[in-house]
Participant: 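Structure below; questions to follow.
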Amino acid sequence: MDDDTPYEYQPPIKSGSFAEGAEQFQKVYKHNIAFGHVMHTSPEIVERVDEMLRQVGIDVLNFSPPAEDYLAFMEKAAYGKLYPGYYPWNIGEKSLEHFMAIQLLGLADEDIFVDIASEGSPLPEIAARLWGTSSYAQDIMYPEGVRGQFIGGDACRMPVQDCFFTKASLTCSFEHFEGDSDIRLFRELARVLKPGGRVCVAPLYLNTYAATLTDPRYSCSTKVSFDEDCVIHLVENWGNRHGRYYTPRTLIERLLTPVKTYFQFAIYSVSKSPLVTEGIYVRHVLVGEKID
């Protein structure tokens with residue numbers, strides 16, 4: 001996306017139907033096209049991705065926290081009571097992403113925590129209430145600048161001083177960073193995180209081939225930057241303009257290598273966790289720790 005193009009998460013729909021949007025999309029973009037979601041949750045795909053990670057030299061760590069810890073978190077977080085309008089149809093996935101991020105970040109009361117591309121997520125409030133963190137919510141849709149605990153504007157240019165945060169999370173949001181904004185975000189995180197600080201991406205969307213999801217009703221109404229070498233999956237009623245899937249190799253080339261002097265990375269597989277039940281789509285989580 002051009003730097004001077006205002007970003008709209010869900011821009012106005014200009015096509016009347018998915019079929020019309022798909023037809024228009026294929027006139028504008030010359031990528032290989034597929035229809036429907038990427039089947040990244042199947043056991044066969046997950047096993048193949050894990051093997052591909054190992055082949056490029058990335059160890060895959062298993063993460064399977066006790067179910068009782070998650071249940072205790074759910075009771076204390078009180079999503080249904082305190083946040084009844086927050087994705088009630090998908091709260092199992094959302095709450096699990098939050099729980100995994102909290103666990104892998106090791107949140108504590110001394111932390112200054114930011115949830116990036118937070119939208120309306122209750123995670124910052126939950127972290128503050130249950131772990132005593134000083135929490136911030138960042139999103140491009142918030143008013144520009146720092147207003148209390150809300151940070152508005154581009155996550156790749158946050159209006160905070162160097163080494164301001166100790167922990168950061170992106171839950172079901174990193175895939176929406178278009179063009180080179182994924183790498184620009186991590187360069188910004190290298191600036192705003194303290195040495196030893198951590199960032200957690202949950203889910204980290206991985207697949208056997210490079211792919212990007214889009215709802216053409218949205219992406220046809222604005223300039224969306226898609227990676228040249230990816231397959232574009234057109235998804236009816238998805239309601240978003242961009243959702244990137246890395247392969248293990250593109251993850252290394254696009255993200256891990258450019259910031260290797262700033263971060264040590266670990267990739268966790270959660271597919272064997274009893275918490276990953278039907279309807280849950282997180283399979284991998286990325287954790288980066290800023291090098292001292």
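Note that these values count all heavy atoms, side chains included, but never hydrogens, waters or copies made by symmetry.
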Participant: Over 60° means perpendicular and under 30° means parallel, so tell me whether F150 and Y142 are parallel, tilted or perpendicular.
Facilitator: perpendicular

Participant: Starting at OG1 of T261, measure out to CD1 of I291 and round the result to the nearest 0.5 Å.
Facilitator: 7.0 Å

Participant: For Y262, does the OH atom have more than 12 heavy-atom neighbours from other residues, nucleotides or ligands under 6.0 Å away?
Facilitator: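 No, the 6.0 Å shell around OH holds no more than 12 heavy atoms from other groups.
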
Participant: Please verify the inter-ring angle class for W238 with H176; under 30° counts as parallel, over 60° as perpendicular, anything in between as tilted.
Facilitator: tilted

Participant: Hey, does the side chain of R283 reach the backbone of I280 with a donor-acceptor pair shorter than 3.5 angstrom?
Facilitator: yes

Participant: Run the salt-bridge test on R244 and D182 with the 4.0 Å N-O cut-off and return the result as yes or no.
Facilitator: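 Judged by the 4.0 Å cut-off on N to carboxylate O distance, R244 and D182 do form a salt bridge.
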
Participant: What I want to check is whether the side chains of D229 and H31 have a donor and an acceptor closer together than 3.5 Å.
Facilitator: no

Participant: For P216, does its backbone N or O pair with a side-chain atom of R241 as donor and acceptor, under 3.5 Å?
Facilitator: no

Participant: Less than 4.0 Å between a side-chain N and a carboxylate O, is that true for D227 and R254?
Facilitator: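 Salt bridge present between R254 and D227.
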
Participant: Among V46, V38, T247, find the residue that satisfies the side chain to side chain contact (heavy atoms under 4.5 Å, CB included) test when tested with N207.
Facilitator: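 Exactly one option meets the side chain to side chain contact (heavy atoms under 4.5 Å, CB included) with N207, and it is V38.
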
Participant: Can you tell me if Y245 and H40 form a side-chain donor-acceptor pair at under 3.5 Å?
Facilitator: yes

Participant: Using only atom types and a distance under 3.5 Å, with no angle test, would you say the side chain of K272 pairs donor to acceptor with the backbone of S64?
Facilitator: no

Participant: Which atom names give the shortest non-hydrogen contact between S17 and R217, and what distance separates them?
Facilitator: O-CG, 4.0 Å

Participant: Mind checking whether Y268 and L170 sit in one hydrophobic cluster, side chains of I, L, V, M, F, W, Y counted as touching below 4.5 Å?
Facilitator: no

Participant: Classify the side-chain pair T171/S169 by whether it contains a donor and acceptor separated by less than 3.5 Å.
Facilitator: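 The criterion, which ignores hydrogens and geometry beyond distance, is not satisfied for S169 and T171.
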
Participant: Under a 3.5 Å threshold, yes or no: a donor from one side chain and an acceptor from the other, between T133 and D111?
Facilitator: no

Participant: Return yes when atom CD of E47 has more than 12 non-hydrogen atoms of other residues, nucleotides or ligands closer than 6.0 Å, and no otherwise.
Facilitator: no

Participant: Are E119 and Y86 linked by a side-chain donor-acceptor pair shorter than 3.5 Å?
Facilitator: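 Note: E119 and Y86 side chains miss the donor-acceptor criterion.
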
Participant: Backbone N or O of P124 within a donor-acceptor pair of the S135 side chain at under 3.5 Å?
Facilitator: yes

Participant: Inspect the contact between R191 and E188 and indicate whether a charged nitrogen and a carboxylate oxygen are less than 4.0 angstrom apart.
Facilitator: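 Counted as a salt bridge, because a side-chain N and a carboxylate O are separated by less than 4.0 Å.
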
Participant: Would you find more than 12 non-hydrogen atoms of other residues, nucleotides or ligands less than 6.0 Å from R54 atom CZ?
Facilitator: yes

Participant: Roughly how far, to the nearest 0.5 Å, is CG of L61 from CG of L104?
Facilitator: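 Between L104 CG and L61 CG, I get 9.5 Å after rounding to 0.5 Å.
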
Participant: Can Y79 and H98 be said to form a side-chain hydrogen bond (donor to acceptor under 3.5 Å, both in side chains), step by step?
Facilitator: CA-CA 11 Å; Y79 286 92; H98 296 169; 2.8 Å; yes

